[in-house]
Protein chains: 2
Amino acid sequence: MVQIPNQQPDPRPPSSDASSRSGESFTSGDSAEPAEPVAPSVPTSADVARLAGVSRATVSYVLNNTGAVRISEPTRHRVREAARELGYVPHAAARSLRAGHTRIVLLPTPEMPAGPLHSAFLNELQWALSRLDHTVVQYGSVGLTGEDAARAWAELRPVAVLAPTGIGPDGTAVLRRSGTKAVLTLGPEPVEGAHALLMDQRTVGRAAAEHLRSRGHDRIGVVMPREHGLDAYAEPRLEGVRATGAEAVPLPLSYEEEDAARLARELRDGGPGAVFAYNDEYAMLLMRALQDAGADVPGDVAVMGADDLMLGRLLRPRLSTVRVDLPSGREIAELVDRLVRDPAAEPLVRDVLGATAIAREST
Amino acid sequence: MVQIPNQQPDPRPPSSDASSRSGESFTSGDSAEPAEPVAPSVPTSADVARLAGVSRATVSYVLNNTGAVRISEPTRHRVREAARELGYVPHAAARSLRAGHTRIVLLPTPEMPAGPLHSAFLNELQWALSRLDHTVVQYGSVGLTGEDAARAWAELRPVAVLAPTGIGPDGTAVLRRSGTKAVLTLGPEPVEGAHALLMDQRTVGRAAAEHLRSRGHDRIGVVMPREHGLDAYAEPRLEGVRATGAEAVPLPLSYEEEDAARLARELRDGGPGAVFAYNDEYAMLLMRALQDAGADVPGDVAVMGADDLMLGRLLRPRLSTVRVDLPSGREIAELVDRLVRDPAAEPLVRDVLGATAIAREST
DNA sequence: TTGAAAGCGGTACCAG
DNA sequence: CTGGTACCGCTTTCAA
């Protein structure tokens, strides 16, 4: 709960003096006002109405092109002109307060720096949602627990939320109670009450391990990045390897040449004959170190990456990898849009993370 | 004199449909309502007040821990309990409408996929702003011109905006008129009326070219990625090379092996003896192609990257590069915070993009 | 210590 | 065709 009490003195004390409001002294043609203290307040529709000599209602009709009401062309023009002159911009909060709902879609700001693929997915999603006329808000939950984070999010009254799995059933409930039409979770497992976009990293580990086993390796080293924040991906990938029945050997590794050299020596001198290196970048690091240590890839040690980056194709030997398929942002955006329109829809569960082994020369 | 008549509270307006609002029929002691069709509407502070048997004012006091008012402990407890029971979450829009200001900081959603460095910067910035208790909103302007985008942003009444340079002085003005306390621009040149965080990619090109010239190359090939969206970076980098007085030869290149092979052959058979390859990834692609084409690096062609990725150190020869220094997100977040507190501050101009050549073996 | 009520800026009814 | 006005949910005076 982010209840920071407003320490600030009310900037707008209820001055009982009638019209302390500015903008009263506008003489149409008068342009040279020397001592102009400048309007310190932002223009409202009332200001526009006053300047155009109409009511606020009319201003609203004109500016929103309300179809059900007919406004004469001259009036329309006067209103528009006044709005332009004042630099009037409607107040979204006021509008949605009145409307009873927003067009906000909340996206999770991943606590940890996500991979480039995931970032790209989020970016595309964001773009697609914008195109569908949604206001995309990224809200950093900054270390709040699932339910507290949900409460913080709910304050914005988003029409939809794409939350990480950690939100839990309770968080989901909080959001739904506060009017969120669609709660989708992104993560390895479904959450009760929410739609699930299953992204299970175990799939990636499994694809890698299956390929390696088909090459005759039953004992597989699995690189576990020491870099903080990556365990969220690394752990399940390890599990996925295990799930194939292979013997998985965790291999902690920092993204530095020195540590890679150490690991390379260890591997050269014994250990699993195949390594699933977490992703292409760690794979490249390890492969280089292996080669520098005089080990043959894949002869002595087979190395497999993940993510299918271009760099894998440029290495020698060419790097075998796992291609990870994320759904297109547009696709998910459309799904969100549909779910918002049908809030009562049965919670759907959809697997959106595909993994395919790509055999090249390093395995 | 057109005095707007003070709206007098009409005690009984002829509203035909009296109370369509639910919850009006509470008979004090009546608590056991059997057929509860569940409240379909989201709970408001009024609901909490009713359940706790106090006024809305009291609810507000309790929930916000208002210091200036003393509320008895039993009452506080009743209110909190009621809020919990209803799953009450305050309505941010209503609150900021009343308060007259938001805590929203608007970040640009880059139209084009930005580089990993820039993404990392934005992520960190976002995180830091959240920590400073700002609501970070990413708003995709989806192909609106500077001023239109500004208008769209202004609807949210953000307290600060970090806009791309494209917003222009007019866009800046729109935002300021609608109450934005601080407008910062991220880009190559200052914008009138806004604070400028100068990120001039020419610096990168210049650093590369200076290094290459110190190696005796006065004619420098400059890779121009064909991938859409990268020209925004590539063009100024090219300019930067030119600015050193070197003869710059644009070298269009797609991020594919085939096109790289083509370019490599051309370079092998003549042309500039040095290439600034846009960044480390294009450099790697090109270097591989060069080697496959039988050209020696740096003997026949010197290759320089940018971004100082780890992969550069893993290549053979090791890749010379330009390290690009972006400011830390925390730093900028604090700057924003300060500027918001001092809206009248002189527009400041700050250079935030550093570039240093790192000589390794490829040049 | 608590309650009544006035708005914040817009929208959409209803009457003229 | 246009104006008056009652809300939306919340905060914050002022009075009791």
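Just so it is clear: chains get the letters A, B, ... in the order the sequence lines come, proteins before strands, and each one is counted from 1.
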In whole Å, what is the span from the [atom1] atom of [X] to the [atom2] atom of [N]?
X	N	atom1	atom2	value
B:H91	C:dG10	NE2	C1'	13 Å
A:D47	C:dC8	CG	C1'	13 Å
B:L156	C:dG9	CG	C1'	15 Å
B:R76	C:dT1	CZ	C1'	11 Å
A:N65	C:dA12	CG	C1'	16 Å
A:Y61	C:dC14	OH	P	11 Å
A:L97	C:dA12	CG	C1'	14 Å
B:L63	D:dT12	CG	P	13 Å

Selection from [options] that lies nearest to any side-chain heavy atom of [X]:
X	options	value
A:R98	D:dC8, D:dC14, D:dC10	D:dC8
B:R157	C:dG10, D:dT2, C:dT1	C:dG10
A:P90	C:dG3, C:dG10, C:dC13	C:dG10
A:R56	C:dA4, D:dC10, D:dA6	D:dA6

Mind checking if [X] touches a base, just sugar-phosphate, or nothing, with heavy atoms under 4.0 Å?
X	result
B:S60	base
B:V59	nothing
A:R95	sugar-phosphate
A:V48	nothing

Between B:A92 and B:V69, the residue closer to the 5' end of DNA chain D by nearest nucleotide is B:A92
When you measure from the side chain of [X] to the backbone N and O of [Y], does any donor-acceptor pair fall under 3.5 Å?
X	Y	result
A:S96	A:A99	no
A:H134	A:V136	no
B:S178	B:V174	yes

Starting at the 5' end of DNA chain C and moving along, which residue's nearest nucleotide shows up first, B:A94 or B:T58? B:T58
Below 4.0 angstrom, N of the basic side chain to O of the carboxylate: do B:E81 and B:R84 qualify?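 Yes.
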In short, A:H195 meets A:A345 closest at the heavy-atom pair CE1-O, 3.9 Å
Report yes if a side-chain nitrogen or oxygen of [X] is closer than 4.0 Å to either non-bridging phosphate oxygen (OP1 or OP2) of [N]; otherwise report no.
X	N	value
A:S72	D:dT2	yes
A:Y88	C:dG10	yes
B:T75	C:dT2	yes
A:N64	C:dG10	no
A:S55	D:dG3	yes

Are A:R151 and A:W153 in a cation-pi setup, meaning NZ or CZ lies under 6.0 angstrom from the ring centre and within 45 degrees of the ring axis?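 A:R151 over A:W153 ring: no.
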